[in-house]
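Since the structure comes first, as structure tokens, the remarks are kept for the end.
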Amino acid sequence: MKAGIVGLPNVGKSTLFNCLSNAKAQSANFPFCTIEPNIGVVNVPDQRLQKLEELVIPERVIPATVEIVDIAGLVKGASKGEGLGNQFLGNIRETDAILHVLRCFDDDNVVHVDGSVDPIRDKETIDIELQLKDLETLEKKLDKVARAARTGNKEAQKEVEVLKKVKEGLEQGISIRAIDIPEEQRAEYIKPLQFITDKPVLYICNVDENSAVNGNEYVEKVREATAKEQAQVLVLAVGTEADITELETYEERQMFLEDLGLTEAGSAKMIRAAYSLLELQTYFTAGVKEVRAWTTKIGATAPQAAGVIHTDFEKGFIRAEVIAYDDFVKYGSEVKVKEAGKMRVEGKEYIVKDGDVMHFRFNV
């Protein structure tokens, strides 16, 4: 599962990527600095993992991860192949969610591709290019389905109605994620087409250091403009985050954050937000050899969760021994949880909950 960082050139995408990843994308003050998409596998911050480590004292601890892709900056005309348009659109289509960075700071030393700072205009520039690309995809599909509908095919006629509604929305400048379509129709007719503007989005307002806590007027405008999409907006001082990552020790980083009035790095919030945006959740395995966070889709069954560890676990699944995270912390160990009768034995139908501590029994 991948989340792609997108935005106009010079809004702070690559600097943000560098904060999130050990990989060092190029970062310079001119457009198209990032030509190939940089991919970073980023640890998901989770205090529950630290608590389990304290209780179990394992030989090693392995966090959950999420894949972040830094994609080349997009410009007007990308849907027609301008700039690196075709490459950008191809890269973004391969991601599962969008992290849209908007410049919300003034700085005469950082060139803006359009000559002035206006995050709403920037958002609309990218939205329009993505909508135009989706419209192109939609029209090809609509032509094909309409031919079948004209022969009297009832299913095709239903699909035509839905696709026409989407077409109208796109022509009005509405992204597909914000078009009111019943969930079952969306699942049947929209999801298989993998439209770019149907992907979930997180708007990241890149602000100056003084606006890191409370935001600024630019941020308020973004919140107003994105309200209809029901999208999350995150305020991040990307340049300051970059400074924090340069500090050697955890204590130094915490002192820096406290001076700014922050309790944790904004990049940590962003990683968790991206994880949530991808509809992912965490379950844990906890033993003296290893305490580990594993990633599953929200709604995964116990066998599917077991399959994340190894396909044999899913094929030969017998049962799962499950402890709620809060119970593990309350009683302090697996043995004491068992003594208190708080360990549950679950079968194939069990839906995994975020934070479950699990042990799988299987036979291959």
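Counting begins at 1 with the first residue of the sequence.
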Under the rule for side-chain contact (heavy atoms from CB on, under 4.5 Å), what residues qualify as partners of Glu139, not counting sequence neighbours? Leu135, Lys167
Side chain of Lys123, backbone of Thr226: donor and acceptor closer than 3.5 Å? no
Between Asn206 (side chain only) and Val11 (backbone N and O only), is there a donor and an acceptor less than 3.5 Å apart? yes
Student check: side-chain heavy atoms of Asp356 and Tyr325 closer than 4.5 Å: no
Okay, side chain of Asn216, backbone of Ser211: is any donor-acceptor separation there less than 3.5 Å? no
Mind jotting down which residue pairs meet the ring-ring contact (aromatic ring centres under 6.0 Å, His included) criterion with at least one end in residues 203-223? Sequence neighbours excluded, please. His100-Tyr203
Does Ser333 reach the main-chain N or O of Lys336 with its side chain, forming a donor-acceptor pair under 3.5 Å? yes
Would you please indicate if the ring centroids of Phe317 and Phe362 are separated by under 6.0 Å? no
Could you tell me if the side chain of Leu278 sits less than 4.5 Å from the side chain of Lys297, heavy atoms only? no
Output yes when a side-chain donor or acceptor of Lys199 lies under 3.5 Å from a complementary backbone atom of Thr95, and no otherwise. yes
Do Val219 and Val207 come close enough that some side-chain heavy atom pair is under 4.5 Å? yes
Expected output: side-chain Gln157 to main-chain Ala149 donor-acceptor under 3.5 Å: yes
Check: Thr301/Gln304 side-chain N/O donor and acceptor closer than 3.5 Å: yes
Would a distance-only check, ignoring hydrogens and angles, find a side-chain to backbone donor-acceptor pair under 3.5 Å from Gln281 to Val352? yes
A side-chain contact here means heavy atoms from C-beta on lying under 4.5 Å apart; do Leu280 and Ile298 qualify? no
For Glu321 and Arg361, run salt bridge (charged side-chain N to carboxylate O under 4.0 Å, His left out): C-alpha distance rounded to whole Å, both residues' side-chain angles, the deciding distance at 0.1 Å, then the answer. CA-CA 8 Å; Glu321 295 166 357; Arg361 301 291 182 184; 3.1 Å; yes
Short side-chain donor-acceptor distance under 3.5 Å, Trp294 and Thr285: yes
Is it true that Lys51 and Glu54 make a salt bridge, defined as a side-chain N closer than 4.0 Å to a carboxylate O? yes
Got a second to check how far Arg121's CZ is from Leu102's CG, nearest 0.5 Å? 11.0 Å
Any side-chain heavy atom of Pro58 within less than 4.5 Å of one from Val288? no
Backbone of Leu247 reached by a side-chain donor or acceptor of Arg253 within 3.5 Å: yes
Quick one: does Leu234's side chain get under 4.5 Å of Lys269's, heavy atoms only? yes
Cut-off 3.5 Å, side chains only: do Tyr350 and Arg344 have a donor facing an acceptor? yes
Exactly one of Arg93, Lys133, Lys191 clears salt bridge (charged side-chain N to carboxylate O under 4.0 Å, His left out) with Asp198, and that residue is Lys191
Single-linkage hydrophobic cluster Leu130~Val166, side-chain heavy atoms < 4.5 angstrom: no
For Glu252, does its backbone N or O pair with a side-chain atom of Thr249 as donor and acceptor, under 3.5 Å? yes
Distance alone, cut at 3.5 Å: any donor-acceptor contact between the side chains of Tyr189 and Glu184? no
Worked check of salt bridge (charged side-chain N to carboxylate O under 4.0 Å, His left out) between Arg272 and Glu264: CA-CA 12 Å; Arg272 286 199 299 272; Glu264 69 172 342; 2.5 Å; yes
Going by heavy atoms in the side chains, are Thr295 and Thr65 under 4.5 Å from each other? no
Kindly indicate whether the side chain of Pro119, heavy atoms from C-beta on, has any atom under 4.5 Å from the side chain of Lys221. no
Under-4.0 Å salt bridge between Asp354 and Arg48: yes
When you measure from the side chain of Glu241 to the backbone of Gly266, do you find a donor-acceptor pair of N or O atoms at a distance under 3.5 Å? yes
